[in-house]
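It should be emphasised that the depicted structure is a prediction, and the values quoted were computed from it without experimental measurement. One-based numbering along the sequence shown. Atoms within a ligand are numbered from 1 in the order they appear, just like the ligands themselves.
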Amino acid sequence: MNRRGFLKLGAITGAGLMIPRRWALLPRARIPVGTLDPTTISKYAMPLVIPPAMPRTSGGQVDYYEIAVRQFTQQILPTDMPTTTVWSYGSVNHPGTFNYPAFTIEANYHRPVRVKWINGLVDGGGNYLPHLLPVDQTLHWANPPGGVDGRDMRSTFESTPGPYTGPVPMVVHLHGGHSTQESDGYAEAWYLPAAGNIPSGHASVGTWYDPFKALAEGAYGQTWDPGTAVFQYDNIQRAGTFWYHDHTLGMTRLNVYAGPAGFYLVRRGPGDLPAGPLPGPAPSVGSDPFGRFFEIPIAIQDRSFNEDGSLFYPDSRAFFDEYGGPYIPETDVSPIWNPEFFGNTIVVNGRTWPSLDVEPRRYRFRFLNGCNSRFLILKLASDPLESRPATPALPFWQIGTEGGFLPAPVMLDQLLMGLAERADVLVDFTGLPVGTEIYLINEGPDEPFGGGSPGVEFPAADPGTTGQVMRFTVVPSTSRDNSRDPAHLTLPSFKPIGPATSTRAVSLHEQASAFTDGPAAAFLGDGAVIKAWDDPITENPALDSIEVWEITNFTVDAHPIHIHEVMFQVVDRQPVGGDSRPPESWETGFKDTVTAYPGEITRVRAHFDRPGLFVWHCHIVEHEDNEMMRPYFIGPNPPTA
Ligand SMILES: [Cu+2]
C-alpha cells in the first residue's frame with residue numbers, strides 16, 4: 001500500500017531533480033481504493049459541465065452575495081451509476097445554483113465583493129449534519145468538542161478514538177485574494193452551523209472568529225449572524241484566476257474533498273486585456289452549463305468512489321502503512337490521517353472523465369489542480385492509451401498563472417501543475433477535421449512527486465485511469481474566431497516586484513514515525529528549526545517590506561508552498577551545494593503557490609503591503625492539516641500565543 005522509501009528527519013537528499021527516488025525502484029504502489037472499480041466507469045460518457053457565474057444577491061456600492069455550503073446529491077459518475085452525496089456552495093437566493101464545483105464568482109478590479117458565507121451543513125430539521133468523511137480527532141485541529149478552552153488545540157487521548165461525528169466547522173479562504181486579515185478565512189476563524197442541536201460544551205466558533213467579527217463589523221457595518229461570516233474582497237489586485245475553498249484547521253483535506261470549491265475571477269484594470277484578442281465569451285449568470293463558450297474554467301481533481309456512489313476517503317492510517325493499530329497510546333502516528341491521498345478516478349468540473357465538443361478554433365482554458373496530493377503533468381494527445389510519455393498532439397500556449405498574465409505567452413508541450421496552481425492557457429484546435437478527438441492526459445505520478453520526468457524518475461499515472469483527464473471532440477464551427485494568434489499576442493505590461501530589503505530563511509520537514517516506515521507529520525521551519533502550528537510567530541515581515549523567502553526543502557518530496565495575502569515572483573531554485581537556475585518559462589509572472597523540490601532552496605520575492613495575521617503552508621492538504629502550516633504576521637505587534 002502506498003509504501004515509499006522514507007528518509008529520516010533531517011536527512012538532506014542533496015538530490016536535485018535527476019536522481020531517482022527510492023520508491024521509484026519499488027514495485028508500483030497501490031492506491032487506496034473505494035469499492036467502485038474505476039475501470040468500470042465509462043469514460044467520456046458525459047459532457048463537461050461549464051459552471052455559470054454565481055448570481056449576486058444585490059448590487060450597489062459592492063457586489064453582494066449570500067452563499068451557503070450545503071449537502072446535496074449530484075451525478076458525478078455516469079448516469080448508469082449512482083449519484084454522489086457532496087457538499088458545495090450556492091447562492092441562498094437562487095436554489096438552482098448549488099453545484100460541485102461551485103459557480104464562478106465574477107469580480108471586477110477595484111470593485112469590492114462582499115460575501116455572507118453561511119455554514120449550511122444542517123438537515124431539514126435544522127440539526128447539524130455530520131461529516132461525510134472520517135475526521136481524525138487526534139490532529140491539531142479545530143476541535144469544537146474541546147470547548148472554548150480546548151478549541152484549536154490538540155487533545156490528549158488514552159486510547160484510539162473513532163472519527164469525530166459532531167457539527168462541522170468551516171471557514172472560506174479566497175485563494176489568491178489580497179484580503180484584509182478578517183476576510184482571509186484564517187484557519188482558527190471557523191464556525192459551526194447555527195444548528196438546533198449543537199452539543200453543550202462545544203465551541204461554536206474558532207479562536208479568531210470573534211476578533212475578526214469585531215473588526216469586520218466595524219469596517220463594513222454588517223452583522224455576522226450565528227453560523228455566518230461576512231468577508232469583503234477589495235479586488236485591488238491584478239486580474240487573475242483565483243479560487244475559493246474551505247480552510248478549517250486540521251480539516252481542510254476533508255472539507256475540500258467533500259466538494260466545496262469554486263473559481264473566482266478578477267477582470268479588468270491595467271492587468272487585463274480588453275475583450276477581443278482572447279477567446280470568449282466566458283460563462284455568465286444563468287448561462288447554459290452545456291452552452292458554447294470559448295473561455296472555460298476547468299477544475300481537475302482526483303477522487304475515489306464506493307459502489308453506492310459515495311466518496312471514498314481512507315478511514316484508517318492502515319491504508320498508508322498497513323499498520324493495524326492500536327495507535328494510541330502505542331505509537332506516534334494519528335490513527336486516521338494519511339500522509340497523502342491519491343484517488344483512482346479523475347473528476348473534471350464535478351464529473352468523471354467528461355467530454356467537451358470544441359470548434360476548430362482557439363479556446364481559453366483556466367486550469368486548476370484541485371487535487372489533495374496529486375501533481376499533474378497535463379498533455380494533449382491523440383490516443384489516451386499511447387505509451388508514456390506520449391507525443392503531444394497540440395501545444396498549450398500558457399498566458400497566465402495564479403497572479404494573472406505572464407509577461408508573454410509561452411508555448412509548452414505539457415503543463416506541470418502543483419496543488420492549487422492555476423494555468424491560464426490557449427489551445428488552438430484550428431484546422432482539425434470535424435470528428436477529431438484530442439485527449440487531455442496526465443503523466444504525473446500516482447504517488448508523491450519529487451521532480452523529474454515520467455518514465456525516468458517515476459512511472460506515469462495509470463494510462464487506463466488517472467492517466468486520462470478529459471476528451472475534446474471537434475465539431476463544426478458555429479462562429480468566426482476573431483481572437484489573436486498566441487504567437488503574436490501582446491499581454492498587458494508587467495511590472496516586477498522591486499528589490500528585496502531582506503531575506504528570510506524557512507524550511508520544509510517531514511517527521512518520521514518511530515513505529516511505522518512513514519511520516520508522523522510534516523512541518524515548516526524558521527531557518528532550519530522545525531516549528532509547529534502553535535509555536536510563536538517567527539515570520540513577521542515589516543509592513544510594506546519586500547522580502548525574499550528562501551525555502552529549503554529537507555524532505556524527499558516536492559511541496560507546493562502557498563503564501564496567503566501576497567503574489568510573489570519566483571527568483572530561482574538552487575540544489576543544496578549546487579548552482580542556482582532561473583524560474584521555469586511559465587513561472588515568470590506572479591504566483592501564490594510554488595513547487596519546492598527536495599534537496600533544493602526555492603526563492604520567492606514578495607511585497608508585504610497589507611497588515612495582519614495570515615498563514616503560509618503546503619498545499620498538499622494532508623500535510624497542511626498535520627502541522628505543515630504556520631501563522632505569519634505582517635506589520636508591528638504580532639499576536640502572542
Ligand atoms: Cu507538503
Whether W549 and Y632 hold their rings parallel, tilted or perpendicular, with breakpoints at 30° and 60°: perpendicular
Closer than 2.8 Å to the Cu ion (ligand 1) - protein N, O or S atoms, ordered by chain and residue number: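 Near the Cu ion (ligand 1), the protein supplies H559 ND1, C618 SG, H623 ND1.
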Centroid-centroid distance, Y244 to Y264, less than 6.0 Å: no
side-chain hydrogen bond (donor to acceptor under 3.5 Å, both in side chains): pairs with one or both residues in residues 412-424, sequence neighbours excluded: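 Pairs touching residues 412-424 that pass the test: H175-R422, R364-D424, E421-K591, R422-D592.
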With S88 via side chain to side chain contact (heavy atoms under 4.5 Å, CB included) - residues at least two apart: F72, Y100, A102
Listed once per pair and sorted, the ring pair (Phe, Tyr, Trp, His ring centres under 6.0 Å) pairs that draw on residues 567-592, sequence neighbours left out: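 Pairs touching residues 567-592 that pass the test: F494-F590.
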Donor on one side chain, acceptor on other, W190 and D152, under 3.5 Å: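 Yes.
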